[in-house]
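Contents: one structure, followed by commentary.
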Amino acid sequence: MSWGALYFYYKCPECGKLFKYAIDLIPEFGDDFGKCPDCHVMGTFIKEGARTKDDLLYEEVE
């Protein structure tokens, strides 16, 4: 059984945006992994794991 993709969930300290990155994208984003897609500042880490009940509140960065 698979839980699907695993994510790191963040909140932007500048604009308050909630966003998430799939863990398998770490090599693709490199040093930009975890940064807000709007402000480009490092997000505040909230949690990690498979999709949770509040997952739809977080924009997925692709």
Side-chain angles (χ1 to χ4, degrees):
M1 182 168 156
S2 173
W3 290 98
L6 295 176
Y7 294 94
F8 282 178
Y9 293 84
Y10 298 91
K11 181 175 183 178
C12 180
E14 299 253 335
C15 70
K17 180 182 195 111
L18 297 173
F19 58 96
K20 64 187 176 189
Y21 280 85
I23 292 174
D24 62 342
L25 294 178
I26 292 173
E28 184 176 329
F29 281 98
D31 290 340
D32 289 331
F33 188 89
K35 289 186 178 178
C36 176
D38 294 339
C39 300
H40 307 289
V41 297
M42 183 55 71
T44 302
F45 179 78
I46 303 292
K47 61 184 174 179
E48 70 175 283
R51 294 197 163 143
T52 58
K53 291 181 182 181
D54 64 349
D55 182 75
L56 294 177
L57 298 174
Y58 294 82
E59 179 182 319
E60 186 169 354
V61 180
E62 299 179 293

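We count residues from 1, following the sequence as given. Values reported hereafter were calculated over all heavy atoms of this structure, with side chains retained and with hydrogens, waters and symmetry mates removed.
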Practice problem: Determine, step by step, whether Lys47 and Asp54 satisfy the side chain to side chain contact (heavy atoms under 4.5 Å, CB included) criterion, reporting the C-alpha distance in whole Å, the side-chain angles of both residues, the deciding distance to 0.1 Å, and the verdict. | Solution: CA-CA 12 Å; Lys47 61 184 174 179; Asp54 64 349; 2.7 Å; yes

Exercise. Under the side-chain hydrogen bond (donor to acceptor under 3.5 Å, both in side chains) rule, collect the residues that match up with Asp32, sequence neighbours excluded.
Key: Lys35

Practice problem: Find the distance between CG (Leu25) and NZ (Lys20) and round it off to the nearest 0.5 Å. | Solution: 12.0 Å

Quiz item: Do you know the tightest heavy-atom contact between Cys12 and Cys15?
Solution: SG-N, 3.4 Å

Quiz item: What about Leu18 and Phe45, same hydrophobic cluster or not, with Ile/Leu/Val/Met/Phe/Trp/Tyr joined at side-chain heavy-atom distances under 4.5 Å?
Solution: no

Practice problem: Could you check whether the rings of Phe19 and Tyr10 sit parallel, tilted or perpendicular, using 30° and 60° as the cut-offs? | Solution: parallel

Practice problem: Would you indicate whether the side-chain heavy atoms of Lys17 and Pro37 approach each other to under 4.5 Å? | Solution: yes

Self-check item: Asp55 and Tyr9, any side-chain heavy atoms less than 4.5 Å apart
Solution: yes

Quiz prompt | Pairwise distance CD(Glu62) to OH(Tyr21) - rounded to 0.5 angstrom | solution = 11.0 Å

Quiz item: In chain order, what residues pass the side-chain hydrogen bond (donor to acceptor under 3.5 Å, both in side chains) check against Lys11, with sequence neighbours excluded?
Solution: none

Practice problem: Might you point out which heavy atoms bring Tyr58 and Ile46 nearest each other, and give the distance in Å? | Solution: OH-CG2, 3.8 Å

Practice problem: Check Arg51 against Tyr7 and note the closest heavy-atom contact, atom names and distance. | Solution: NH2-OH, 2.6 Å

Self-check item: Taking every non-hydrogen atom, the tightest pair across Leu6 and Ala50
Solution: CD2-N, 3.5 Å

